[in-house]
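Following: one structure in structure tokens, then a few remarks.
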Amino acid sequence: MASVNLGSLVQSYSIFNQASRNNSKSFPLPRSFPFNPLKNISSSTPKRRSFTSLPSISSVLTKEDAVMEEDQDPQLPSFDFNSFMIHKGNAVNQALDSAVPLRDPVKIHEAMRYSLLAGGKRVRPVLCLAACDLVGGKESMVMPAACALEMIHTMSLVHDDLPCMDNDDLRRGKPTNHKVYGEDIAVLAGDALLAFSFEHIAVSTVGVTPDRIVRAIGELAKSIGAEGLAAGQVVDISSEGLTNVGLDHLEFIHVHKTAALLEAAAVLGAILGGGRDEDVEKLRKFARNIGLLFQVVDDILDVTKSSKELGKTAGKDLVADKVTYPKLMGINKSKEFAEKLKSDALELLQGFDPEKSTPLIALANYIAYRQN
């Protein structure tokens, strides 16, 4: 990727922030997270479905998703990111299939499985597994938490797609849950996934001390409640139709709506893997950077890719007149901001074992350069 002219980037941020302070008609925002990437820019660089076979992660990873050799640190050992994601993702799929079997009442479990096992790259659970390994933990210690994160992520997608929210008909290349099972069952399927996610961590986690399990559950709950995902959703909904929404406002939405659950993934992996407090906090900041990076890239893809390429409805933010990074900054500045977020994230991995940090480095590169 071309080098970033951070001097002009800083100037553009200052212009946007000044305009936001002078002209924004939005309401005061709730307490934001202490870490603010935007303020740290410097000049430094109902038909019954059968689930007899699980989706393969390889079906959702394309050649464009590969981390190219020129994007890798030449001092790091060679690393096959696609193979890593396929291996870990399929392990997560098997665990999810076992955790949520098809049983009575059949309809609710079928609806849960329809969205939970519909595919996807499993970025959040894989991040959780990689963070656990980075601090010296074993995969078995954190797999229930990894599954819980995917259950919660799936819940958020099912609810996001409802007519009262984003009103979407397509998700991961398939009809959305409410289009198959109806709005009532879709709401309940999401609710059931959310509730079971916490039960699964509490009941199924092995080899971890109770205090760390409780701490992990608390972190996860906070990440999706009124100080996390739900806060981002509310501010996002309330912002529709507002004019002159600034970058601080947009950042609050996406740090909470998107980055919070990715942050929880890294933090849960570090806590349950036995990591030190300082390691947990470094991984928290790393994940917050790549979480915001994920959203910036998502906004770019929404206006540059087709629905077929994305596997979901393209251009819906533009139709809904939502505020996005390309809308506020333009495509080029958004790409520059994405590159800065990636660089800041990678800097936070310094000091960890280089070999064990390689999957996280590759994941940051993947999020930055993904095509869907």
Side-chain angles (χ1 to χ4, degrees), residues 25-30 46-47 49 100 105 107-120 124 149-198 220-243 245 249-250 252-262 264 291 294-295 298-299 301-303 307 310-324 327:
K25 297 179 181 178
S26 62
F27 47 84
L29 295 176
K47 177 182 178 181
R49 284 343 192 232
V100 186
K107 193 168 189 179
I108 184 68
H109 287 94
E110 186 178 281
M112 292 164 69
R113 288 170 59 87
Y114 174 79
S115 294
L116 186 63
L117 303 177
R124 290 154 191 83
L149 287 156
E150 192 65 22
M151 293 175 197
I152 291 173
H153 175 56
T154 300
M155 172 278 297
S156 73
L157 300 181
V158 170
H159 285 178
D160 271 355
D161 292 336
L162 289 167
C164 64
M165 297 284 280
D166 288 348
N167 193 23
D168 221 330
D169 297 339
L170 190 67
R171 174 68 68 179
R172 290 172 173 168
K174 297 182 179 181
T176 48
N177 197 289
H178 69 274
K179 285 294 180 181
V180 177
Y181 296 99
E183 294 178 38
D184 49 0
I185 299 301
V187 170
L188 293 170
D191 291 346
L193 285 168
L194 176 61
F196 183 63
S197 66
F198 291 98
L220 183 57
K222 186 175 181 179
S223 75
I224 62 173
E227 295 185 24
L229 188 151
Q233 289 277 29
V234 168
V235 177
D236 189 25
I237 292 170
S238 302
S239 300
E240 292 183 16
L242 293 179
T243 58
V245 171
H249 188 114
L250 185 61
F252 179 93
I253 292 172
H254 294 309
V255 164
H256 292 75
K257 181 180 175 181
T258 303
L261 194 55
L262 282 161
F294 190 97
Q295 186 59 51
D298 213 49
D299 284 356
L301 294 176
D302 188 64
V303 295
S307 297
L310 294 178
K312 60 182 180 180
T313 306
K316 64 180 181 179
D317 291 339
L318 185 64
V319 172
D321 197 28
K322 283 192 172 183
V323 178
T324 64
K327 185 175 181 179

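On a predicted model such as this, the values are computed, not experimentally measured, just so you know.
- In this structure the side chain of Arg171 never reaches within 4.5 angstrom of the side chain of Val158, judged on heavy atoms.
- Put simply, CD on Gln233 and CG on Asp166 are 7.0 Å apart, with the number rounded to the nearest 0.5 Å.
- For the residue pair Asp168 and His178, the shortest heavy atom distance occurs at O-CE1, 3.1 Å.
- Contact detail for His254 and Asp299: the closest heavy-atom pair is NE2-OD2, 4.3 Å.
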Query raised in the report: What's the verdict on side-chain contact (heavy atoms from CB on, under 4.5 Å) for Leu157 and Arg172, showing C-alpha distance, side-chain angles and the deciding distance?
Result: CA-CA 10 Å; Leu157 300 181; Arg172 290 172 173 168; 3.8 Å; yes
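- Of the possible donor and acceptor atoms, one in the side chain of Asn177 sits under 3.5 Å from a partner among the backbone N and O of Ala111.
- Val100 places a side-chain heavy atom less than 4.5 Å from the side chain of Met151.
- The nearest pair of heavy atoms linking Glu183 to Pro163 is OE2-CG, 3.4 Å.
- Rounding to the nearest 0.5 Å places CE of Met155 at 15.0 Å from CZ of Phe196.
- For the pair Ile185 and Ile108, the tightest heavy-atom approach, listed with the atom from each and the gap, is O-CD1, 4.3 Å.
- Distance check: Leu116 CG to Leu193 CG gives 6.0 Å after rounding to the nearest 0.5 Å.
- Atom OG in Ser115 sits 10.0 Å away from atom NE2 in His159 (nearest 0.5 Å).
- How far CG of Leu194 is from CD1 of Ile152: 6.0 Å, rounded to the nearest 0.5 Å.
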Requested in this report: Give the intermediate values and the outcome of side-chain contact (heavy atoms from CB on, under 4.5 Å) for residues Thr324 and Asp302.
Outcome: CA-CA 10 Å; Thr324 64; Asp302 188 64; 5.8 Å; no
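- Looking at Lys257 and Val235, their side chains never come closer than 4.5 Å, going by heavy atoms from C-beta outward.
- Side-chain contact check for Leu261 versus Leu220: some heavy-atom pair is nearer than 4.5 Å.
- Listed by chain and number, the residues in a ring-ring contact (aromatic ring centres under 6.0 Å, His included) with Phe294 amount to none (sequence neighbours excluded).
- The two residues Thr176 and Leu170 have their closest heavy-atom pair at CG2-N, 3.4 Å.
- Remark: His153 NE2 to Ile224 CD1 distance equals 13.0 Å, nearest 0.5 Å.
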Query raised in the report: Should Val323 and Ser239 be marked as a side-chain contact (heavy atoms from CB on, under 4.5 Å) after you check the CA-CA gap, both sets of side-chain angles, and the distance that decides it?
Result: CA-CA 8 Å; Val323 178; Ser239 300; 5.9 Å; no
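- Contact record, Ser223 with Ala260: O-CB, 3.5 Å, taken as the closest heavy-atom pair.
- Considering only heavy atoms from C-beta on, His256 comes within 4.5 Å of Phe252 through its side chain.
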